[in-house]
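Here the structure comes first, spelled out in structure tokens, and everything after it is commentary.
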Amino acid sequence: MAPQYQAVTLIASPSYPNAIAWSSDNLVAVASGHIVTILNPAALDGPRGVVGLRRSDPFPIGVVNREDLFEPCLVPTCLARDAEPCALSISWSPQGFAPNSGCLLAVCTVDGHVKLYRSPIWEICDEWVQVADLSQLLFSYYKTINFGEDNGSHLTSLNINTEETEVLGSTCELQDPLSRRDPGQRKRKPPRVDDYIYDGNKDDLDASNDADFSLKPCSKSKKKSSKKTAKHGQEPVSVNGQGSTGNSKASLSSNGGNKSLPLITAKQYACRDACLSSLVVAWSPLVSSSDKISCLLRHWCVLAVGSKSGNVYFWKLYKPEYYTIDAGVVNSDPMLIGVLQAHKSWVSAITWEVSSEGSSTSSLLLATGCSDRSVKIWLANIEGLNRCTNAEEVPFALVAEVTTDLSAPVSAISLAVPAGSQYEVNLAIGRVSGSLETWTWNTCSSKIENTNACHAHDQVVTGLSWGMDGYCLYSCSQDNSARCWIYNGNHLEEIPVHTNFPESKESTDLSEVSDRCFGLTLAPGGQMIAVVRGLDLNVLDQMYQARTQKAVVEFIWIGGQFVGIPLDRSIDVCNPQSTILSSSNFLWWGSNILWSLKKYENVEKGLALWDVVAALQGFKKYAPSFLETLMDMWISALFSGDPQCVSINAPSCSRHDMLPSVSLRKLHLLNIICRKVMLSNHVQLGPDAENGNDSKTEFWNTLLIRSERELRERLVGFTFAAVLKRTAYSFNGTSTENSWFPVGVAQMDSWVSMNDGEVHNQLKYLISRIKDLGNRINSACGYSVEEICPYCSAPVHFESADVAICRERHTLTRCRASVILCSVLQPVWHCVCCGGMVDKLLPQSFFAMQASPLDADQDEGSPDLSGPAVPLCPFCGVLLQRSTPAFLLSTSPV
């Protein structure tokens, strides 16, 4: 367990607000200058992932006349001086959109480009892999409609601009910058005006000879026809030496490299550049809807991209149809479904939230902040978004707008739907001036009112996030401060950010060696926050530290503070066993941990509770009595049907009296707590635990064994029911193309026979029905009794559901889901919690079961086999992953 906080240094410092993000599968991304660093919070000293940012070619959007370069609208372009690529905004997608069911990372750079990245699943390297270039797709879209400047249809636009668009899609090799010339190659500098270089050596025979400025870089082969070069941003650009200002076609053909680029006005160029210059990215929560063609339930989300033009672009992305950890192509292309003119100036902040509005129909809330000081809240119906197929229709309606007399632009915003308020939405706004505002929007009356405004910081608010279901608010600023606020409805009350912890020890105050904060983010379990700070290089050792340590990520415990959620005062803290924590601290820790575990009972929330498990491991080491009390309360609440049955003093209760009515998610939580906390061997216990708590250890061990037996029976029963359902489909003539195909039925039959006196009677009934199918069983499932050792080809007999040993004593691993032998030639899925291997994935419907299917009236039509197979462990529920070498980054959900 970590001390009060952990810290890890970075080789590059962030430059912009909201520079850190925590994924739902427990990875932390930091936009640290020219790279994006990806960390595993459970192994901060271990390997890292990296997204290397590279220069992107400027989009060839047209040429302008020389006299237009002095127009005010081109001043921002003329003054651009970014020396190297830099990350401007980052955002994690919900879990399940990468080929391995992980998260995708969206990165927006200072040159306005947005790209999607995934982890290197099969590349075996540390650099993340680019999935899509959204800016290039956006440029292609604007190319087809001529940037919206034609009133005709898309087809008309394409017909009119055929000659132009063919050239716009081409690219040229960049010539070397002038700074890379050999020292001996001297050349007289031409006159410079507003960062553009013109040819001063050629006679001005015509006023229009050097009047055209091209945004498209010229190739080395065209150096002679383009006498001088200039820089637009970082990239060299060319100046056409021939053409006519009165004839655009003459200018298009004046230069061999740019003869087909359209001649546009300064205003046209500024508008086109603003539309293509992205500033901020934000993923929506996961949403589900029925596919119009297949009628299957599809899961998708939307990436919102704000631009300098005030537009917000919406990119829709579906979950992959299947998941893999082997080399392959998983098609899941982003689709532009809408363009919203949200503001008239730069969009500086975006955030999402889901609102149920007191009904079964959920809607997506979108909040956008602008440099013109305004903030708007938009509402979109999920079904309406699902029907969007092109960028002309966007079902967002403006429901609220915040306009104030403050002169400071918006730098950060955050939305939250309070747990105890069904018709209210909390909005927090951070501004460049350091001020912090909270607003409440009533979904019924559609009115928004200001509930608090204070000068929270001295400089720019660089991070803002609601926590604990909107009970508290976290903020950080460029003034190097990070603060926590309790939200009481009409005012904010500041409390300390740091939390006392039993294992706390003296450590360096990072605020003394840092000079500014660039963002903060909350852990998935809500017990920790991460703050990224830029280090003050003047106070570091200039020889060693200042060269390699430019920033630091600080991980801070927040679970031991009162953050507004209702306290569970039944927690017994009469013997706190700690000189650091008071009784109040234990009460707050216990209430916050129980609140977090309750949240994970929702099957829609991924099981990434590393921060909760890490906190419990610390209490096991330094306050074991408090942990036993807390876990006893949690177990009693988990099995609320009969709390006495699960008491530590009554470990011999019948399994069938306590587990069948419990949901699968609760059993997964129970297994995680048993394995990683109560029965973990790597955490050494304190003196109190060494003196004979064998009965408690036996209780948790017995509980784990019974829980896994219950899960095994549910898995076998689900597989048998799936076989019968597929048989019924074939008998009725219904297609089984999109339904899950079960395997390992013969091995499961053997397991039932071996445990004939202990398994549920319903399993025996199901297997008897399967045997009555005869030869029809081969079309309904994979039924193969014989198994062969892949090393020596000797037969393998079924003796255990976990491992197998052939005649030549080769030890083989069985799949935890299908009980068949795992492949030794192809990579298989691995569970970091129980250590099991999975070769055959289970459908999503298995993990959503609320009770045992064996105790209900089951028939062959009960299990849902239409859902996609997901890489989740059937015994732990955590995300499966590919086993990687120790020198590569991996996730640690628990």
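- The closest side-chain heavy-atom distance from Pro60 to Phe139 is below 4.5 Å.
- Residues Val50 and Glu127 are in side-chain contact: their nearest non-hydrogen atoms beyond the backbone lie under 4.5 Å apart.
- Listed by chain and residue number, nothing satisfies the ring-ring contact (aromatic ring centres under 6.0 Å, His included) test with Trp346 (two or more places apart in sequence, or in another chain).
- Residues that satisfy the side chain to side chain donor-acceptor pair (under 3.5 Å) test with Ser91, not counting sequence neighbours, are absent from this structure.
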Could you walk me through whether Phe518 and Ser13 pass the side chain to side chain contact (heavy atoms under 4.5 Å, CB included) check? CA-CA 9 Å; Phe518 288 100; Ser13 177; 3.9 Å; yes
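- The aromatic rings of Tyr142 and Phe147 sit parallel, their planes meeting at an angle under 30°, below the 60° perpendicular limit.
- Without hydrogens or angle criteria, Trp740 side chain to Leu841 main chain gives a donor-acceptor distance under 3.5 Å.
- Pairing each heavy atom of Arg272 with each of Pro262, the nearest pair is NH1-CG, 4.2 Å.
- A donor atom on one side chain and an acceptor atom on the other are found under 3.5 Å apart for Ser23 and Asp25.
- Between the side chain of Thr462 and the main chain of Cys517, a donor-acceptor pair closer than 3.5 Å is present.
- A parallel orientation is assigned to the rings of Phe59 and His113, their planes being inclined by less than 30° (bins at 30° and 60°).
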Side chain to side chain contact (heavy atoms under 4.5 Å, CB included) between Lys115 and Thr109, intermediate numbers included: CA-CA 9 Å; Lys115 297 179 181 180; Thr109 55; over 6 Å; no
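- No side-chain donor-acceptor contact under 3.5 Å links Ser284 to the backbone of Cys301.
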For Ile382 and Leu385, run side chain to side chain contact (heavy atoms under 4.5 Å, CB included): C-alpha distance rounded to whole Å, both residues' side-chain angles, the deciding distance at 0.1 Å, then the answer. CA-CA 5 Å; Ile382 292 179; Leu385 278 176; 5.7 Å; no
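- Residues Ser24 and Trp92 have side chains that never bring a donor and an acceptor to within less than 3.5 angstrom of each other.
- With respect to Val107, the side chain to side chain contact (heavy atoms under 4.5 Å, CB included) criterion is satisfied by exactly one of Leu116, Val114, Leu53, Val281: Leu53.
- Using a 4.5 Å heavy-atom threshold, the side chains of Tyr323 and Pro99 count as separate.
- Without hydrogens or angle criteria, Ser355 side chain to Ser363 main chain gives no donor-acceptor distance under 3.5 Å.
- Side chain of Trp128 to main chain of Gly49: no donor-acceptor pair is present (N/O by atom type, distance under 3.5 Å, no hydrogens or angles).
- With sequence neighbours left out, Ser345 forms a side chain to side chain donor-acceptor pair (under 3.5 Å) with Ser371.
- Looking at Leu889 and Leu27, their side chains come closer than 4.5 Å, going by heavy atoms from C-beta outward.
- The backbone N or O of Phe97 lies less than 3.5 Å from no partner atom in the side chain of Arg118, so there is not a single donor-acceptor pair.
- A salt bridge does not link Asp273 to Lys308: none of the charged side-chain nitrogens sits closer than 4.0 Å to a carboxylate oxygen.
- Side-chain N or O atoms of Asn26 include one that pairs as donor or acceptor with a backbone N or O of Ser892 at under 3.5 Å.
- Here the side chain of Arg431 pairs no donor or acceptor atom with the backbone of Ile429 at under 3.5 angstrom.
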